[in-house]
2 protein chains.
Amino acid sequence: MAARRGPYFCGIDAAMDVVSGKWKSLILWELAEHGVRRFAQLRRGLPGVSEKMLVQQLRELEEDGLVRREVFPEVPPRVEYELTGHGVSLNEALAALGVWGVERMRRIGAEKVVHTP
Amino acid sequence: MAARRGPYFCGIDAAMDVVSGKWKSLILWELAEHGVRRFAQLRRGLPGVSEKMLVQQLRELEEDGLVRREVFPEVPPRVEYELTGHGVSLNEALAALGVWGVERMRRIGAEKVVHTP
DNA sequence: CAGTATCCCTATGGATACTG
DNA sequence: CAGTATCCATAGGGATACTG
């Protein structure tokens, strides 16, 4: 489900609401890194995601105004995704969390997901 | 369930893993604000949380090394919770997200949860 | 290529009652 | 006070097959 419209306890609550979902922060990250991405590119960038989940989370991000979706009426079909301004600023707000997470990975000796091309 | 030990895609992934759970970020916030809190105080600070959920999420935070739990062998029983160093630094990393969330609340006109004492 | 449409399982979370 | 113990509903997520 897309994020609710409140009520929220605080800003963290409101922010977590739109990023909660197994793949959302990773999609934001992917889009922030590459700019524009097509469906299949995102799929390859997120090893393990199913088509259903990818579509679903993209639609919710779109509904929450973080991602813009553009359909090109061609054959074969082409759809491009990119961050909106709000998506970009959310990603920037997530940066500190990313740094903390890297430190945690080091601390507990976590592995990184192997990117199988 | 407490956080896994990897593998993770990136730092965001690793960080989100320990904060995902409806009440976790709010518990961290509450503890950061007040320092030491007892069970019943946390319960009052999080309107709507059930005892089961509060216990569960506190235990998971403890297991992940973000919260320290101290039991005082008294009658009536007293248990105090406080952030560990890692909990404090995670909270600091969440600050930027909180700012973004407040801005989002303003944007969509979300209400704040009414704190019923 | 970029999705739908199903089916199905589990984790998450909520309500309530009870206890040392 | 600070929890357990149950029971239950739902949403999140996964696998697979099909389509314009």
Side-chain angles (χ1 to χ4, degrees), chain A residues 1-4 7-9 13 16-27 30-31 34 36-64 67-82 113 116, chain B residues 1-4 7-9 13 16-27 30-31 34 36-64 67-82 113 116:
Chain A
M1 252 189 301
R4 57 191 206 275
Y8 292 116
F9 286 91
D13 193 13
M16 293 297 294
D17 195 24
V18 307
V19 241
S20 70
K22 191 167 177 179
W23 303 96
K24 288 189 182 176
S25 59
L26 303 177
I27 292 172
E30 194 73 9
L31 289 177
H34 297 97
V36 177
R37 294 256 98 179
R38 299 182 58 173
F39 186 80
Q41 291 178 313
L42 285 172
R43 191 153 145 65
R44 280 191 293 272
L46 274 11
V49 71
S50 70
E51 292 182 335
K52 171 189 153 186
M53 288 313 301
L54 183 53
V55 174
Q56 188 176 302
Q57 310 246 319
L58 278 168
R59 292 297 153 84
E60 292 179 12
L61 288 171
E62 188 189 1
E63 198 175 333
D64 291 333
V67 163
R68 183 169 19 253
R69 175 172 179 269
E70 190 173 2
V71 183
F72 297 83
E74 309 173 352
V75 177
R78 178 160 60 109
V79 179
E80 291 184 347
Y81 295 91
E82 66 179 322
V113 170
T116 48
Chain B
M1 251 188 300
R4 59 190 204 275
Y8 292 116
F9 286 89
D13 191 14
M16 293 297 294
D17 194 25
V18 305
V19 240
S20 71
K22 193 168 178 178
W23 303 95
K24 288 189 181 175
S25 60
L26 303 176
I27 292 172
E30 194 73 11
L31 290 177
H34 296 98
V36 177
R37 294 257 97 179
R38 299 182 58 173
F39 186 81
Q41 291 179 313
L42 284 172
R43 193 151 144 64
R44 280 192 293 273
L46 275 8
V49 71
S50 69
E51 294 181 333
K52 172 190 153 186
M53 288 313 301
L54 184 53
V55 175
Q56 187 175 303
Q57 310 245 319
L58 278 169
R59 292 297 153 85
E60 292 179 12
L61 288 170
E62 189 190 0
E63 198 174 333
D64 291 334
V67 164
R68 184 169 17 252
R69 177 173 178 267
E70 190 173 3
V71 183
F72 296 83
E74 309 173 352
V75 177
R78 178 161 59 109
V79 178
E80 291 185 348
Y81 296 89
E82 65 179 323
V113 170
T116 48

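Chain letters run A, B, ... following the sequence lines, proteins first and then strands; every chain starts at 1. Keep in mind that what you see is a predicted model, and the values were worked out from it rather than measured.
Note on Arg38(B): only backbone sugar-phosphate atoms sit closer than 4.0 angstrom, heavy atoms only; bases stay farther off. Among the protein residues, Glu60(A) comes within range of no part of the nucleic acid, since none of its heavy atoms lies under 4.0 Å from any strand. Heavy atoms of Phe72(A) sit nowhere under 4.0 angstrom from any nucleic acid atom.
For the pair Arg4(A) CZ and dG13(C) C1', the interatomic distance rounds to 13 Å; values are reported in whole Å. Per the geometry, CD belonging to Glu70(A) stands 17 Å off C1' belonging to dG3(C), to the nearest Å. The separation between Leu54(A) atom CG and dG14(D) atom P is 12 Å, rounded to whole Å. When the P atom of dC8(C) is taken as reference, atom CE of Met53(A) falls 19 Å away, rounded to whole Å. Rounded to whole Å, atom P of dA2(D) lies 9 Å from atom CG of Leu42(B). Rounded to an integer number of Å, the gap from Gln56(B) CD to dG13(C) P is 7 Å. Summarising the geometry, the separation between CD on Glu62(B) and C1' on dA2(D) is reported as 14 Å, rounded to the nearest angstrom. Nucleotide dA2(C) holds its P atom 15 Å from the CG atom of Leu46(A), rounded to whole Å.
Relative to the side chain of Pro77(B), the nucleotides dG3(C), dC1(D), dG14(D) differ in distance, and dC1(D) lies closest. Candidate nucleotides dG14(D), dG3(D), dA2(C) were compared by shortest atom distance to the side chain of Tyr81(B), and dG3(D) ranks first. In this structure, of dG3(D), dT4(C), dA2(C), it is dT4(C) that holds the atom nearest to the side chain of Arg59(A). Distances from the side chain of Lys22(B) to the nucleotides dA2(C), dT6(C), dG13(C) place dG13(C) closest. With dG13(D), dG3(D), dG13(C) as the choices, the nucleotide that has an atom nearest any side-chain atom of Gln57(A) turns out to be dG13(D). With dA5(D), dA15(D), dA2(C) as the candidates, the nucleotide lying closest to the side chain of Lys52(B) is dA5(D).
Projected onto DNA chain C by closest heavy-atom contact, Pro76(A) and Met1(B) fall at different nucleotides, the more 5' of which corresponds to Pro76(A).
Ion pairing between a basic and an acidic side chain is recognised when a charged N comes within 4.0 Å of a carboxylate O; Arg59(B) and Asp64(B) show no such pairing. In summary, Glu70(A) and Arg68(A) do not engage in a salt bridge, as defined by a charged side-chain N under 4.0 Å from a carboxylate O.
For dA2(D), the OP1/OP2 oxygens have no side-chain nitrogen or oxygen of Arg37(B) closer than 4.0 Å.
Counting only heavy atoms from C-beta outward, the side chains of Leu42(A) and Leu58(A) approach each other to under 4.5 Å. Side chains of Tyr8(A) and Val113(B) form no contact here, defined as non-hydrogen atoms less than 4.5 Å apart. You'll find the side chain of Glu82(B) stays beyond 4.5 Å of the side chain of Arg37(B), heavy atoms only. In this structure, Met53(A) and Trp23(A) have side chains that are in contact, with non-hydrogen atoms separated by less than 4.5 Å. Using a 4.5 Å cut-off on side-chain heavy atoms (C-beta onward), Ile27(A) and Gln57(A) make contact.
Heavy atoms only, all atoms of each residue included: Met16(A) and Ser25(B) are closest at CG-OG, 4.0 Å.
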How does DNA chain D look in dot-bracket notation if pairs are Watson-Crick or G-U with both distances under 3.5 Å, crossing ones as [ ], other-strand ones as |?
||||||||||||||||||||
